[in-house]
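Accompanying notes for the structure given below.
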Amino acid sequence: MKKLVIAAAFLGLSTQVAHATKARLIALGQDKDGSLFLDDNRNAFRNASFVSNYSNMAFFDYGATGNAIGLDTDTAQKAEGGVFVKHGALTYGVYLGNENDTGVLLKSLVATTAGSMPQSDNVLELSVAGSAGINWGVTLGWAPTKDEQGAAEKENKSLYTRIGVNKNNWEAYANVSIQGESDNKITSEKYDGGGAYDVGGSYQMGDMTAYARYKTVEWDQIASGVKTKGDYKEMKLGVGHDHEVSATSKIIYEVVYDSAEANLKYATNPTKGKYWQIPLIVGFESSANSWLTLRGSISQSLIGNVDTKNIGSIANATNQAVIAARFNAPAQNNYKGSLKNTTNVNAGASLNFGNLTIDGLIGTGGTAGTATTSTAEAGTLSLDRLMTRAAVTYKF
Amino acid sequence: MKKHIAIAAGLAVLSTSAFATKSRMEALGQGDSKGSYFIQDSRNIFRNAAAVNDMTNYVVTEWGSTAGRNPEGGFFRSAGQFNYGVYLNSDVSAATHTNGTNTGALSEDDRITAFIGGDMGVKWGASLFRASSEDEQTVAHKKEHDSMGVGLGVMSGPLEGFVNFTFKDEAKGNTATAGSKSDADAMEVGLTYQWMSYKFYADYSKNTQKVTNVTANAGTAFDQDVAVITVGVGHTQEVSASSRLFTNIEYLNTKSEEKIALTDDKASKLPLTVGFEADATSWLALRGSVSQVVLLNTEKNKAGKKKSEANTTNVNAGATLNFGKLKVDGMIGTGGNGTETATNAETGSLSLDRLMTRVAVHYWF
């Protein structure tokens with residue numbers, strides 16, 4: 001990972017001293033939980049060693065509880081936030097509300113009705129990071145919830161850890177889910193997915209960074225009295241180029257092999273979702289003036305393929321549509337073909353007030369003030385919905 | 001983004017010591033009613049009347065309407081060694097008299113609260129509130145409401161103590177009958193202790209309400225006791241002269257017993273809040289907070305069944321527009337998508353057509 005603990009990273013773009021939001025990463029065509037080649041303190045949610053790289057920062061993402069099934073989306077962002085504080089040689093972090101979308105997605109596969117499976121909620125993450133010749137970091141996350149009072153007795157237990165290291169021009173991390181259980185005792189639905197892994201690393205050579213990431217989850221689920229095994233895999237192999245055009249502007253290029261596969265081994269009509277693609281992402285970030293930074297990106301698959309089978313075997317129609325969308329497939333039982341409508345343009349802005357930055361996505365305001373997924377990106381710059389995914393970073 | 005800003009460069013530098021609104025407190029995750037246990041704000045007078053000595057010579061108005069957010073406001077002045085103030089239409093600790101299907105009972109209206117305080121080595125303060133209303137026109141019989149309460153507080157060095165009583169909050173008559181009665185009272189006692197940049201606090205409050213005869217000779221319809229114990233610590237880190245970071249964690253123990261519906265709910269929670277406040281420019285101060293219940297999150301009903309409170313993660317943001325002695329506060333990011341309902345109010349959007357909610361204006365003279 002480039003520009004690890006280098007003060008110039010904070011000075012390289014005008015007054016931008018604090019990059020720490022999903023909005024910035026999404027505007028640059030990156031994954032909202034961190035980039036594998038760009039500097040951003042969201043990388044601490046992928047590689048815990050970056051907690052010490054971005055110390056003395058508070059950051060908040062405005063939002064509520066996400067969309068109808070609990071996913072964090074551009075038009076229904078989840079509220080979360082926290083602080084990283086340096087004390088002596090170590091940096092300590094407390095972060096609230098970081099609910100993992102992969103977990104939400106996989107648990108929803110079990111639900112016979114939308115929302116019947118309890119999700120991770122009230123997540124607390126505690127981090128500690130330091131430097132002892134090599135930058136290291138550890139995060140522990142915990143999200144227990146229980147409801148014995150409602151119509152359905154539900155319980156969710158989540159416990160996970162992130163361990164990472166970085167030094168000079170490389171980084172490596174391993175994130176492990178120690179416990180991931182979700183249980184609805186009334187409907188007898190159960191998800192048991194402990195043992196999930198997310199490992200990866202990167203190596204920087206000049207302005208280029210090569211990276212690899214592999215994520216896997218295996219679980220057992222019970223729905224309608226039937227026990228089914230499931231597995232999910234995700235892999236990214238890519239190269240990113242971060243080119244500083246000037247002291248206040250940069251251009252980025254990225255090419256990545258991106259694939260994902262999920263299998264639900266029902267006895268009858270097992271479900272399978274699979275895609276692979278090689279997208280090209282081109283982005284820019286530039287200080288328009290002292291108080292405004294603008295960024296944008298375009299991404300499109302150069303080549304790719306989708307193969308989904310028996311999506312209809314998944315318990316309810318809402319979840320079927322969500323899973324199909326995750327695999328870039330239309331909401332139908334079977335599909336095999338190329339990925340459709342992969343061209344995506346994102347834009348974002350930062351309002352800079354010295355150590356305080358307000359970030360957001362722009363142009364996702366839809367057409368009538370009600371930003372649904374279908375109308376959110378309409379090519380409109382609406383002042384009545386100037387920014388979505390609004391977030392604040394404060395460096396102290 | 002300069003659309004909303006057309007302020008000349010000659011504005012006075014923001015004074016971050018002059019804060020007096022619900023929106024500031026809520027943006028910092030402190031609740032909008034009685035201020036904060038550890039952050040200085042004039043809303044604190046509703047918890048400890050002695051705080052009337054800490055900020056004075058100002059007028060504050062909280063925007064709202066009778067149908068929506070509560071409109072209220074007041075003025076505070078110093079007079080020699082005393083400080084006094086009058087506040088209109090506060091609804092702190094007001095009971096909901098329609099509990100127990102007491103349909104049509106009058107709610108508290110047009111409260112007036114008077115404050116007086118002094119500093120004679122030890123700061124002291126007292127408040128007295130009164131509200132009274134009646135209606136003989138809407139139905140054939142008379143409906144009326146009366147409330148009265150007092151607050152006392154002292155501040156001596158690092159130690160503060162306060163006690164607040166509502167000894168009368170009574171509504172008689174409802175739509176169906178003149179004989180209905182809703183009788184509520186409230187009590188709060190607490191202490192705080194400042195040690196370096198930490199403030200420790202403990203608070204006990206108890207609210208009771210009994211509603212009888214919602215229809216003629218119907219007996220008791222609602223009989224509830226709610227007791228809350230709050231013990232916590234708050235930390236303020238002054239990052240610079242114009243910015244600060246707040247952190248607080250508290251243990252909250254709640255017991256709510258209702259003798260008619262036979263509910264007996266207990267809750268133990270540990271909410272953690274992290275917030276910041278900073279002068280972005282000479283005319284703009286921004287603040288925000290994230291709060292969530294952590295580690296301990298248990299609600300238990302009479303049957304002994306437990307439950308965690310869901311979705312406790314809450315991020316709030318607010319801003320102050322400074323025009324010298326005049327300041328406009330509000331919360332931002334709560335504009336929803338144009339129709340602010342509970343479900344869509346916080347969607348992570350910054351909307352210029354609904355730039356601020358909970359707007360308040362205060363003027364310091």
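Note that this is a predicted model, so its numbers are computed, not measured. Here is the naming used below: chain letters follow the sequence lines, and residue numbers restart at 1 for every chain.
- Here A:Lys146 contributes atom NZ and B:Asn297 contributes atom CG; the two are 12.0 Å apart, rounded to the nearest 0.5 Å.
- Note that CD of B:Gln237 is 7.5 Å distant from CG of A:Asn56, once rounded to the nearest 0.5 Å.
- Interface residue B:Ser291: only backbone heavy atoms are found under 4.5 Å from chain A.
- For the pair A:Trp142/B:Leu295, a side-chain contact is recorded, criterion being any heavy-atom separation below 4.5 Å from C-beta on.
- Annotation for B:Ser308 and A:Pro144: closest pair OG-O, 4.3 Å, computed over non-hydrogen atoms.
- Pairing each heavy atom of A:Val392 with each of B:Phe276, the nearest pair is CG1-CZ, 3.4 Å.
- For a residue to count as touching a neighbouring chain, one of its non-hydrogen atoms must lie under 4.5 Å from one of that chain's; by this rule B:Asn301 touches chain A with backbone and side chain alike.
- Using a 4.5 Å heavy-atom threshold, the side chains of B:Asn311 and A:Asp121 count as touching.
- In the displayed structure, B:Lys300 atom NZ is contacted under 6.0 Å by at most 12 heavy atoms of other residues, nucleotides or ligands.
- Contacts with chain B were tallied for A:Glu148, A:Glu155, A:Lys154; A:Glu148 has the most, counting heavy-atom pairs under 4.5 Å.
- In terms of heavy-atom pairs under 4.5 Å with chain B, the best-connected choice from A:Leu124, A:Asn122, A:Ile358 is A:Asn122.
- For A:Glu153, the part sitting under 4.5 Å from any heavy atom of chain B is the side chain, from C-beta outward, and nothing else.
- Expressed to the nearest 0.5 Å, how far OH of A:Tyr394 lies from CZ of B:Arg287 amounts to 13.0 Å.
- Pairing each heavy atom of B:Leu245 with each of A:Ala58, the nearest pair is CD1-CB, 4.2 Å.
- With a 4.5 Å cut-off on non-hydrogen atoms, B:Ser240 does not touch chain A at all.
- A 4.5 Å side-chain heavy-atom check between B:Val239 and A:Asn355 finds every atom pair outside the cut-off.
- Heavy atoms of other residues, nucleotides or ligands lying less than 6.0 angstrom from NZ of B:Lys306 number 12 at most.
- The two residues B:Val290 and A:Glu80 have their closest heavy-atom pair at CG2-C, 4.1 Å.
- A:Val94 touches chain B through its side chain: at least one heavy atom from C-beta onward sits under 4.5 Å away, while N, CA, C and O do not.
- Atoms OG1 and CZ, from B:Thr313 and A:Phe60 in turn, are 13.0 Å apart once rounded to the nearest 0.5 Å.
- Across all their heavy atoms, B:Ala278 and A:Leu356 have their closest contact at CB-CD1, 3.9 Å.
- Ranked by heavy-atom pairs shorter than 4.5 Å toward chain A, the options B:Ser289, B:Gly275, B:Gly304 are led by B:Ser289.
- Heavy atoms of B:Glu309 lying under 4.5 Å from chain A belong exclusively to its backbone.
- Considering every non-hydrogen atom in both B:Val315 and A:Asp61, the closest pair reads CG2-O, 3.5 Å.
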